[in-house]
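In what follows, every chain begins at residue 1, and chains take the letters A, B, ... in the order their sequences are listed.
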2 protein chains.
Amino acid sequence: MFDPVCPSDLSPIRFADKWGGMVIRCLEGGPRRFSELRVPLRGITAKVLTQSLRTLERDGLISRTEMAGPIRHVEYELTALGRSMLAPMDVACAWTAEHWDELIDAREAAAS
Amino acid sequence: MFDPVCPSDLSPIRFADKWGGMVIRCLEGGPRRFSELRVPLRGITAKVLTQSLRTLERDGLISRTEMAGPIRHVEYELTALGRSMLAPMDVACAWTAEHWDELIDAREAAAS
DNA sequence: GGGCCTGGTTACCTTCCGGGTACCAGCTAG
DNA sequence: CTAGCTGGTACCCGGAAGGTAACCAGGCCC
């Protein structure tokens, strides 16, 4: 789903850290487990994902819940605050999509 | 106008690099010269401002014009692309302002 | 000539971010 | 006993970002 060489790297708008925005997108559809997040975030290592999740939690955007039971089960979920950030993110995505060609052109013109 | 310890550092939404968003805000009202930009961006050094301006120019968000004449005169101005980014920035600012307390609370809760 | 304004450049240093590898405990299935 | 899944942690590394201090040319004023 998300590529390590994500096109959004070209966008001047960034949410949280490098993977933060994508993590939030992954949680948009409901709670997810650690290993479930690693699937769409292709190429992310456990360490980096942990890092990103801890930061998002510190900033109050997601919550971490250890479920009871014999086997280990941790769920990450968007908080109300995190969910409220989806709106600005949509705006940013729309802007990036709309001006995609201009962004590419600017880079190419600058490279030459 | 802008503080080096800008409150927006707490916002998970960032535009361009550290000073990029503020530079764009400074140019909102029309073209500005290098030294005019240094006034509101308190504490920014020439090198860092140059760096930021070069990046913004590379990304097609601002334009740099050397004016003719005996004394040196350089003007920086928002391009159409740069100006179009003001809308997403407004949305981001509004979100940050609206959820300011929650952002602070989250940090404080995490610190304890 | 000396000082100041213009808009920078250069070298250097420090911090942070992201990533790679290895390793861990707890539980389960074969 | 061994392998595999869960969700991580510890350690090291390289590169980029951000900042400091010094210096620069060109033109102005005195």
- Supply the atom-to-atom distance A:Ile44 CD1 to A:Arg38 CZ, rounded to the nearest 0.5 angstrom. 8.0 Å
- Passes side chain to side chain contact (heavy atoms under 4.5 Å, CB included), A:Leu86 versus A:Glu28? Steps please. CA-CA 8 Å; A:Leu86 290 170; A:Glu28 197 174 359; 3.8 Å; yes
- Taking only the side-chain heavy atoms of A:Arg64 (C-beta and beyond), determine which of C:dT6, D:dG7, C:dC27 contains the nearest atom. D:dG7
- If you check the B:Lys18 side chain, which of D:dT6, C:dG18, D:dG19 turns out closest? D:dG19
- Item | Nearest-nucleotide pick for A:Asp17, side chain only, options being C:dG18, C:dG7, D:dG18 | C:dG18
- Query: Which residue lies toward the 5' end of DNA chain D, B:Ala46 or B:Gln51, if each is placed at its nearest nucleotide?
  - Reply: B:Gln51
- Task: Quick one: label B:Thr45 by what it contacts on the DNA or RNA (base, sugar-phosphate, nothing), any heavy atom closer than 4.0 Å.
- Result: base
- Item | Given DNA chain C, 5'-ward residue of the pair B:Tyr76 and A:Ile44, judged by closest heavy atom | B:Tyr76
- Task: Would you mind classifying the nucleic acid contact of A:Val74 as base, sugar-phosphate or nothing, using non-hydrogen atoms under 4.0 angstrom?
- Result: sugar-phosphate
- Message: Please report the distance, rounded to the nearest Å, between CZ in B:Arg42 and C1' in D:dG19.
- Response: 18 Å
- Can you tell me the distance, in whole Å, between the CZ atom of B:Arg38 and the C1' atom of D:dT20? 12 Å
- Query: Hey, are A:Arg25 and A:Asp90 close enough for a salt bridge, meaning a charged N less than 4.0 Å from a carboxylate O?
  - Reply: yes
- Round to a whole Å and report the spacing from CD of A:Glu66 to P of C:dA25. 17 Å
- Task: Kindly say if A:Thr50 contacts the phosphate of D:dG8, meaning a side-chain N or O under 4.0 Å from OP1 or OP2.
- Result: no
- Modelled atom types, side-chain donor and acceptor of B:Tyr76 and B:Arg32, under 3.5 Å: no
- Rounded to the nearest Å, what distance is computed from the CG atom of residue B:Leu37 to the P atom of nucleotide C:dC5? 18 Å
- Query: C:dG18 C1' sits how many Å from A:Leu56 CG, rounded?
  - Reply: 15 Å
- Message: How many whole angstroms separate atom CD of A:Glu75 from atom C1' of D:dG7?
- Response: 13 Å
- Worked verdict on A:His73 versus A:Arg33 for side chain to side chain contact (heavy atoms under 4.5 Å, CB included): CA-CA 7 Å; A:His73 185 130; A:Arg33 312 174 55 164; 3.3 Å; yes
- Check whether any side-chain N or O of B:Trp19 sits under 4.0 Å from OP1 or OP2 of D:dA17, and answer yes or no. no
- To the nearest Å, how far apart are A:Lys47 NZ and C:dT21 C1'? 11 Å
- Tell me: CG of A:Leu41 to C1' of C:dG18, nearest whole Å? 14 Å
- Query: Do the side-chain N or O atoms of B:Arg54 get closer than 4.0 angstrom to the phosphate oxygens (OP1, OP2) of C:dG8?
  - Reply: yes
- Query: So, is A:Arg33 near the phosphate of D:dG7, with a side-chain N or O under 4.0 Å from OP1 or OP2?
  - Reply: yes
